[in-house]
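Hydrogens, waters and symmetry mates are skipped; everything else that's a heavy atom, side chains included, is used.
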Amino acid sequence: MNYTTFNRALSELTSFDTIGYDRKTMQLKVLFFDGSTKTFTEVAEKIIYEFLITDDKENYYQTTLSQFPML
């Protein structure tokens, strides 16, 4: 799994700053500031690219990523 950590200040993040994605299993992990992790399945690579370039990552998480099945 490859991980990316976003700049908290630049992205104005209040709940998470690190994600991990595995292309083979199509799993996305979101690592939260409180130490918890959520793992989403069936996440297409296109969704990850959109997430990486969006200006409002917190909103994208709430509206798009949270709709995917979780482990």
Side-chain angles (χ1 to χ4, degrees):
M1 182 165 292
N2 294 316
Y3 287 89
T4 300
T5 300
F6 303 111
N7 180 308
R8 290 183 190 189
L10 181 63
S11 297
E12 299 178 0
L13 297 169
T14 60
S15 60
F16 67 89
D17 67 355
T18 302
I19 64 168
Y21 183 68
D22 185 321
R23 288 177 36 191
K24 291 178 184 175
T25 62
M26 296 177 65
Q27 289 185 354
L28 168 71
K29 287 187 179 183
V30 179
L31 288 69
F32 293 89
F33 297 153
D34 68 2
S36 65
T37 301
K38 289 192 180 178
T39 303
F40 299 94
T41 61
E42 303 174 25
V43 181
E45 202 167 354
K46 176 186 177 222
I47 298 297
I48 301 305
Y49 289 132
E50 290 174 359
F51 187 37
L52 291 172
I53 64 171
T54 188
D55 289 334
D56 192 349
K57 293 179 185 357
E58 298 267 355
N59 184 55
Y60 193 85
Y61 171 81
Q62 295 282 335
T63 60
T64 303
L65 296 177
S66 63
Q67 304 303 314
F68 285 90
M70 289 194 324
L71 288 178

> Can you tell me how far the CG atom of Asp17 sits from the CZ atom of Arg8, to the nearest 0.5 Å?
Replying inline: 4.5 Å

>> Please identify which of these residues, Phe33, Tyr61, Tyr3, meets the ring-ring contact (aromatic ring centres under 6.0 Å, His included) condition with Phe16.
In response: Tyr61

> Between CD1 of Ile19 and CD1 of Ile48, what distance do you get to the nearest 0.5 Å?
Replying inline: 5.5 Å

> Are Leu65 and Leu13 connected in the hydrophobic side-chain network, where two residues link if heavy atoms are under 4.5 Å apart?
Replying inline: yes

>> Applying side-chain contact (heavy atoms from CB on, under 4.5 Å), can you list everything that pairs with Asp55, at least two apart in sequence or on another chain?
In response: none

> Are Phe51 and Tyr21 near enough that their ring centres are under 6.0 Å apart?
Replying inline: no

> OG1/Thr37 to CG/Leu71 distance, rounded to the nearest 0.5 angstrom?
Replying inline: 12.0 Å

> Applying the 4.5 Å side-chain criterion to the ILVMFWY set and letting contacts propagate, would Met1 and Leu28 be lumped into a single cluster?
Replying inline: no

> Out of curiosity, Asp22 CG to Lys29 NZ, how far, rounded to the nearest 0.5 Å?
Replying inline: 9.0 Å

> Taking only residues two or more places apart in sequence, or in another chain, which ones meet Thr14 in a side-chain contact (heavy atoms from CB on, under 4.5 Å)?
Replying inline: Glu58

> Nearest 0.5 Å, what's the CD-OG1 distance between Glu50 and Thr64?
Replying inline: 7.5 Å

> Looking at CE of Met26 and CZ of Phe68, how far apart are the two atoms once the value is rounded to the nearest 0.5 Å?
Replying inline: 8.0 Å

>> Does any part of the side chain of Ile47, heavy atoms only, come nearer than 4.5 Å to the side chain of Tyr60, both counted from C-beta?
In response: yes

>> Would you say that more than 12 heavy atoms from the other residues, nucleotides or ligands in this model lie under 6.0 Å from the CG of Asn7, or not?
In response: yes

> Are Phe6 and Leu10 connected in a single hydrophobic cluster, I mean Ile/Leu/Val/Met/Phe/Trp/Tyr linked by side-chain heavy atoms less than 4.5 Å apart?
Replying inline: no

